[in-house]
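Just so you know, these numbers use all the heavy atoms, side chains as well, and skip hydrogens, waters and symmetry mates. All of these numbers come straight from a predicted model, not from anything done at the bench.
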Amino acid sequence: MFGSLRYAPRWLLVGAFVSVCACASAPRKRVDGKVLEKLTIENRLLLFDAENELNIAIDARYQVLDEIEAIKDDIDRAKRKLDTARRDISTFQGKKDGEQVRIAKMREQTQKTRIKYLEARLGWARERLKVEDKRLIVAQAEFELAKARLVKKNNVPGASRITLKDYESQVSTYEGKVEDADKNVDKALAKLTEREEAWIRASRELQEASGGALGSRWLDD
């Protein structure tokens, strides 16, 4: 779903960014398209840099969305591995194989800590998505400011109704919201780090108990 929009033409992304970011609202101050149309094509090309920044913001948001979907898949796989470990505990208990029961219980604990880590990573990604939503609005506000400046500079009909300070203030307001959202990202990262350390400890213990056969975080045991 996300990929199909990501590679759409730039003009479509710019025009439709509000719909793909339903959680955010578009900037209040927007340059009337009819006023913008009165600029020459050569002048409108001067908006390329601001438009490019907007598209970068759109792409950054999609990257986080893709990451969230990947983490959800990792959580599902970890839960299946947890179920397998629990079945093995029951099986080896029935066989009265104490050593294998001990290893299976350690596998169970490792997957529990991994799931908690992945859930924290998901929370971190979701907080980052909130930031990207707000950065997207900042990029749109900056795009509107660039259009307003260009219209004023060329003094096209309708330019007198535009007050640049309003557009500049709008950018500053949205930038402040990004800074506020960043604080929650830092909190989520601290929780993620704590959960990751617990997973690392559990994985290391499983590796030692199994002689290195199990517990590799890279092989996702």
Nearest-0.5 Å distance that lies between atom [atom1] in [X] and atom [atom2] in [Y]:
X      : Y      : atom1 : atom2 : result
Ile75  : Arg114 : CD1   : CZ    : 9.5 Å
Ile41  : Leu45  : CD1   : CG    : 7.5 Å
Asp66  : Asp59  : CG    : CG    : 9.0 Å
Ser169 : Leu145 : OG    : CG    : 11.0 Å
Tyr174 : Leu136 : OH    : CG    : 11.5 Å
Leu54  : Leu47  : CG    : CG    : 11.5 Å

Using modelled atom types only, decide if a donor and an acceptor are shared between the side chain of [X] and the backbone of [Y] within a distance under 3.5 Å.
X      : Y      : answer
Asn55  : Glu51  : yes
Glu132 : Ala60  : no
Gln170 : Arg28  : yes
Arg195 : Lys116 : yes

Provide the closest heavy-atom pair for [X] versus [Y] in the form atom of the first, atom of the second, distance.
X      : Y      : result
Lys134 : Ala181 : CD-CB, 3.8 Å
Ala202 : Thr110 : O-OG1, 3.4 Å
Ala148 : Ile162 : CB-CG2, 3.8 Å
Ala57  : Ala139 : CB-CB, 3.9 Å

For [X], which residues count as a side-chain contact (heavy atoms from CB on, under 4.5 Å) partner, sequence neighbours excluded?
X      : value
Ile68  : Val64, Lys72, Leu122, Ala125, Arg126, Leu129
Thr91  : Lys95
Asn154 : Leu39, Asn43, Leu150, Val156
Asp182 : Val131, Arg135, Val178

Verify the neighbour count for atom [atom1] of [X]: are there more than 12 heavy atoms of other residues, nucleotides or ligands below 6.0 Å?
X      : atom1 : value
Gln93  : CD    : yes
Lys152 : NZ    : yes
Lys187 : NZ    : no

Side-chain donor-acceptor pairs of residues 203-213 under 3.5 Å, sequence neighbours excluded:
unit_1, atom_1, unit_2, atom_2, d
Ser203, OG, Trp199, O, 2.9
Ser203, OG, Trp199, NE1, 3.2
Ser210, OG, Leu206, O, 2.8
Ser210, OG, Gln207, O, 3.4
Ser210, OG, Ala213, N, 3.4
Ser210, OG, Leu214, N, 2.9
Ser210, OG, Leu214, O, 3.3

Do [X] and [Y] touch side chain to side chain, with heavy atoms closer than 4.5 Å?
X      : Y      : value
Leu189 : Leu192 : yes
Pro27  : Ile137 : yes
Arg44  : Thr40  : no
Asp49  : Glu53  : no

Verdict with supporting geometry, Glu175 and Glu142, side chain to side chain contact (heavy atoms under 4.5 Å, CB included): CA-CA 10 Å; Glu175 286 177 337; Glu142 290 177 336; 3.6 Å; yes
Test side chain to side chain contact (heavy atoms under 4.5 Å, CB included) applied to Tyr167 and Val171, step by step: CA-CA 6 Å; Tyr167 286 84; Val171 171; 6.0 Å; no
Asp88 vs Gln100, side chain to side chain contact (heavy atoms under 4.5 Å, CB included): CA-CA, chis, key distance, verdict: CA-CA 8 Å; Asp88 287 347; Gln100 289 302 320; over 6 Å; no
[X]: what forms a side-chain hydrogen bond (donor to acceptor under 3.5 Å, both in side chains) with it, not counting sequence neighbours?
X      : result
Glu37  : none
Glu108 : Arg86
Thr113 : none
Lys29  : none

Those residues that, when tested against Glu127, pass salt bridge (charged side-chain N to carboxylate O under 4.0 Å, His left out) (two or more places apart): Lys130
Arg128: salt bridge (charged side-chain N to carboxylate O under 4.0 Å, His left out) partners, not counting sequence neighbours: Glu67
Cluster overlap [X] with [Y], hydrophobic side-chain contacts below 4.5 Å:
X      : Y      : result
Leu82  : Ile103 : no
Val185 : Tyr62  : yes
Trp124 : Leu65  : yes

Derivation of the side chain to side chain contact (heavy atoms under 4.5 Å, CB included) call for Met106 and Arg102: CA-CA 6 Å; Met106 294 184 73; Arg102 185 175 75 89; 3.9 Å; yes
Selection residues 154-170 - residue pairs positive for salt bridge (Lys or Arg N to Asp or Glu O under 4.0 Å), sequence neighbours left out: Arg149-Glu168
Residues Arg87, Thr84; criterion side chain to side chain donor-acceptor pair (under 3.5 Å); working and verdict: CA-CA 5 Å; Arg87 287 195 297 271; Thr84 298; 3.2 Å; yes
